[in-house]
Amino acid sequence: MANENRTWFIKGLRDGIPISLGYLAVAFTLGIAAKNAGFTAFQAALASLTNNASAGQFAGFTLAAAGAGYLELAVMELIVNARYLLMSCALSQKLSPETSILHRLLVSAGVTDEIFGVSMSAPGKLNPFYTIGLLAIASPGWASGTYLGVLMGNLLPVNVVRALSVGLYGMFLAVIVPPARKSKVLAGVILISMAASFAFAKLPLISELSTGNRTILLTVLIAGGAAALFPVKEEENHGA
């Protein structure tokens with residue numbers, strides 16, 4: 001069992017290298033926001049180590065710059081990061097029932113969009129050491145990028161900063177495209193999700209919701225519809 005866990009941990013480290021490199025580049029812009037909010041490089045890096053969420057951190061740094069109180073900051077973080085509750089629920093179903101509470105807590109600490117996507121694509125039941133390996137290499141990349149962004153971000157040309165800011169989206173496409181090529185249903189769900197996300201950002205009333213709440217609403221509607229129309233048979237799930 002120990003050898004199996006070590007194998008999965010090493011595989012997580014290897015698969016997490018592209019995520020870490022992407023985080024390192026993208027977090028430069030986060031570092032700029034932290035610097036503008038008055039954070040030191042160490043403080044910004046510590047924030048990245050304890051809050052692995054780009055939208056949540058941008059919101060937090062923005063509120064800090066505006067002089068918001070702790071309660072307002074906590075409520076905003078809860079709303080912006082609420083979608084990770086759904087991701088954690090999905091991951092909990094992929095973990096073996098024998099997975100310990102400690103390992104579940106460690107996995108939950110690393111729930112980001114990219115780590116979630118890679119973890120869910122692992123065959124069969126998820127070995128927690130795989131996700132822990134992903135987190136062990138990806139989280140330092142995110143914190144390091146934030147640290148360097150505070151130190152150097154304002155020295156970079158504006159066009160370079162803008163290019164870095166879209167790097168995360170390209171990396172996320174690299175996570176979802178391979179599985180989509182193998183499943184027409186998944187490809188269709190992804191296309192519907194993109195179209196619905198664009199529509200929700202433009203529709204009256206719905207567009208006034210926070211990004212996190214819109215994401216939750218879309219996830220529940222689209223995932224629920226896909227599960228009802230295209231259920232995965234139990235024997236297929238075990239054979240994955």
Side-chain angles (χ1 to χ4, degrees), residues 12-70 72-84 87 106-119 131-176 197 201 210-212 214-215:
L13 289 175
R14 183 175 63 250
D15 292 349
I17 290 175
I19 298 178
S20 182
L21 294 176
Y23 281 175
L24 180 66
V26 174
F28 261 85
T29 55
L30 183 64
I32 295 173
K35 184 177 179 66
N36 292 336
F39 285 76
T40 66
F42 174 78
Q43 291 170 338
L46 183 61
S48 288
L49 284 174
T50 55
N51 183 13
N52 295 307
S54 57
Q57 285 181 256
F58 271 118
F61 291 147
T62 301
L63 287 177
Y70 290 121
E72 184 179 358
L73 182 62
V75 172
M76 176 60 72
E77 291 300 318
L78 177 63
I79 294 174
V80 173
N81 295 327
R83 69 185 187 277
Y84 295 122
M87 296 183 187
L106 289 173
V107 169
S108 68
V111 179
T112 67
D113 297 326
E114 295 74 30
I115 292 179
F116 168 78
V118 174
S119 296
T131 302
I132 294 172
L134 291 171
L135 177 61
I137 188 68
S139 185
W142 185 250
S144 298
T146 308
Y147 185 91
L148 294 174
V150 174
L151 296 179
M152 303 170 55
N154 287 341
L155 301 178
L156 296 175
V158 175
N159 290 337
V160 174
V161 173
R162 290 176 178 173
L164 291 174
S165 67
V166 300
L168 188 61
Y169 300 101
M171 183 178 60
F172 190 67
L173 287 175
V175 172
I176 64 175
S197 179
S210 68
T211 302
R214 289 204 305 268
T215 302

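For reference, positions follow the sequence shown, starting with 1. Model, not experiment: these values are computed from the prediction.
- Annotation for S119 and L134: closest pair OG-CD1, 3.5 Å, computed over non-hydrogen atoms.
- For the pair A143 and S48, the tightest heavy-atom approach, listed with the atom from each and the gap, is CA-CB, 3.7 Å.
- Considering every non-hydrogen atom in both F116 and M87, the closest pair reads CE1-O, 3.4 Å.
- Nearest approach of A64 to F39, heavy atoms of both residues: CB-CE1, 3.8 Å.
- When each of L30, T40, V150 is tested with K35 by the rule side-chain contact (heavy atoms from CB on, under 4.5 Å), just one qualifies, namely V150.
- A donor-acceptor distance shorter than 3.5 angstrom exists from the side chain of S20 to the backbone of I137, with no hydrogens or angles considered.
- Contact annotation: the side chain of L106 never approaches that of L135 to less than 4.5 Å [non-hydrogen atoms, C-beta and beyond].
- Taken from CD in Q43 to OG1 in T146, the straight-line distance is 13.0 Å, to the nearest 0.5 Å.
- To the nearest 0.5 Å, atoms OH (Y23) and OG (S144) are separated by 13.5 Å.
- Between I19 and T112, every side-chain heavy-atom pair lies at or beyond the 4.5 Å cut-off.
- Put simply, the side chain of W142 does not reach to within 4.5 Å of the side chain of L49, judged on heavy atoms.
- The shortest distance between side-chain heavy atoms of F61 and N36 does not fall below 4.5 Å.
- In plain terms, the two heavy atoms of E77 and N51 that are nearest each other are OE1-ND2, 3.3 Å.
- In this structure, CG on L24 lies 13.5 Å from OH on Y147, to the nearest 0.5 angstrom.
- For the pair T131/I115, a side-chain contact is recorded, criterion being any heavy-atom separation below 4.5 Å from C-beta on.
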